Amino acid sequence: MAKGRKKLAVWQGFLAGGLLTLGIYFLGLLFLTLLLVKGILSEGGSFPLVAALCTLSTLAGGLITVRLTHWRAGGVLTASIFLCVLVLAGLSFWEQIFWLGHGGGLLLCGLAGGLLAGVAGPKNRRRRK
């Protein structure tokens with residue numbers, strides 16, 4: 001038997017990162033909605049929190065993907081998969097997205113989280129004999 005952790009397939013790392021990203025984002029949106037309904041958060045202050053939530057969720061999912069796959073570009077790819085899901089959901093519900101309004105900013109925040117995950121991911125440290 002080999003010692004240490006069992007190595008996962010690349011698609012399993014991307015699946016875990018993508019599901020974590022979606023889970024954090026949707027749970028955060030539920031919490032922000034609760035704050036809006038209770039009147040604790042104003043409607044004008046909701047977009048910066050949604051943008052920060054998008055960045056943090058892609059950062060967390062990208063870090064998991066980078067750690068499981070040991071592939072530094074996995075953070076950006078996880079963010080792009082997450083953003084494609086957001087675009088498809090937006091198009092299926094509202095049939096259009098205003099790219100010059102808040103939609104484009106939200107996509108840029110998601111990509112920034114993926115880039116941060118790739119930069120902040122674990123370094124490849126190989127021991128040489």
Side-chain angles (χ1 to χ4, degrees):
M1 280 193 163
K3 293 183 179 180
R5 291 189 298 169
K6 182 179 175 184
K7 189 173 180 180
L8 296 176
V10 174
W11 67 270
Q12 289 174 330
F14 279 105
L15 182 66
L19 289 177
L20 180 69
T21 302
L22 285 171
I24 290 173
Y25 186 71
F26 288 132
L27 286 175
L29 282 180
L30 285 174
F31 182 68
L32 287 177
T33 304
L34 176 70
L35 293 177
L36 278 168
V37 169
K38 293 289 183 182
I40 298 171
L41 181 64
S42 67
E43 189 175 339
S46 64
F47 177 72
L49 290 178
V50 171
L53 178 66
C54 185
T55 304
L56 291 176
S57 64
T58 54
L59 176 64
L63 281 174
I64 291 295
T65 303
V66 169
R67 285 189 190 273
L68 291 178
T69 61
H70 300 290
W71 195 27
R72 296 178 71 82
V76 176
L77 290 176
T78 301
S80 63
I81 291 169
F82 168 68
L83 295 174
C84 287
V85 169
L86 284 184
V87 167
L88 289 176
L91 289 176
S92 66
F93 289 123
W94 292 284
E95 297 168 0
Q96 64 181 353
I97 296 176
F98 296 107
W99 298 109
L100 298 178
H102 293 310
L106 198 62
L107 293 178
L108 288 176
C109 287
L111 283 176
L115 287 172
L116 286 174
V119 170
K123 311 287 188 274
N124 290 335
R125 295 182 186 138
R126 295 183 182 176
R127 292 185 182 188
R128 295 182 183 178
K129 291 185 179 183

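All figures in this text were calculated on a predicted structure; none of them were measured in a lab.
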Under 3.5 Å: donor-acceptor pair, side chain of Arg72, backbone of Val119 =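 Checking the backbone N and O of Val119 against the side chain of Arg72, a donor-acceptor pair under 3.5 Å is found.
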
In the hydrophobic clustering that connects Ile, Leu, Val, Met, Phe, Trp and Tyr at side-chain heavy-atom distances below 4.5 Å, which members other than Leu15 occupy its cluster, ordered by chain and number?
-> Trp11, Leu19

Residues that, via side-chain heavy atoms closer than 4.5 angstrom, fall in one hydrophobic cluster with Leu30 =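 Once heavy-atom contacts under 4.5 Å are chained together, Leu30 belongs with Leu27.
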
Pairs where residues 83-93 contributes a residue and the test side chain to side chain donor-acceptor pair (under 3.5 Å) is met, not counting sequence neighbours = none

Qualifying side chain to side chain donor-acceptor pair (under 3.5 Å) pairs with a residue from residues 31-45, counting only residues at least two apart or across chains =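 Every pair satisfying side chain to side chain donor-acceptor pair (under 3.5 Å) with a residue in residues 31-45: there are none.
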
[X], [Y]: one ILVMFWY side-chain cluster at the under-4.5 Å cut-off?
X	Y	answer
Ile40	Leu36	yes
Leu41	Leu29	yes
Tyr25	Leu91	yes

Looking at residues at least two apart in the chain, or sitting in another chain, which of them share a side-chain hydrogen bond (donor to acceptor under 3.5 Å, both in side chains) with Thr65?
->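 Partners of Thr65 under the side-chain hydrogen bond (donor to acceptor under 3.5 Å, both in side chains) test: Thr78.
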
Counterpart residues, side-chain hydrogen bond (donor to acceptor under 3.5 Å, both in side chains), relative to Thr21 (two or more places apart) | none

Looking only at heavy atoms, which two atoms of [X] and [Y] are closest? And how far apart?
X	Y	value
Gly114	Ala79	CA-CB, 3.7 Å
Leu106	Leu83	O-CD2, 4.4 Å
Leu68	Ala16	CD1-CB, 3.9 Å

Under 3.5 Å, sequence neighbours excluded: what are the donor-acceptor pairs made by side chains of residues 49-63?
| from | atom 1 | to | atom 2 | distance (Å) |
| --- | --- | --- | --- | --- |
| Thr55 | OG1 | Ala51 | O | 3.0 |
| Thr55 | OG1 | Cys109 | O | 3.2 |
| Ser57 | OG | Leu53 | O | 3.1 |
| Ser57 | OG | Cys54 | O | 3.0 |
| Thr58 | OG1 | Cys54 | O | 3.0 |
| Thr58 | OG1 | Thr55 | O | 3.0 |
| Thr58 | OG1 | Gly110 | O | 3.2 |

Partner set under ring-ring contact (aromatic ring centres under 6.0 Å, His included) for Phe47, not counting sequence neighbours | His102

What is the distance from atom OG1 of Thr69 to atom CD1 of Ile64, rounded to the nearest 0.5 Å?
-> 10.5 Å

Can you list the residues that meet the side-chain contact (heavy atoms from CB on, under 4.5 Å) rule with Leu22, with sequence neighbours excluded?
-> Phe26, Phe82, Val85

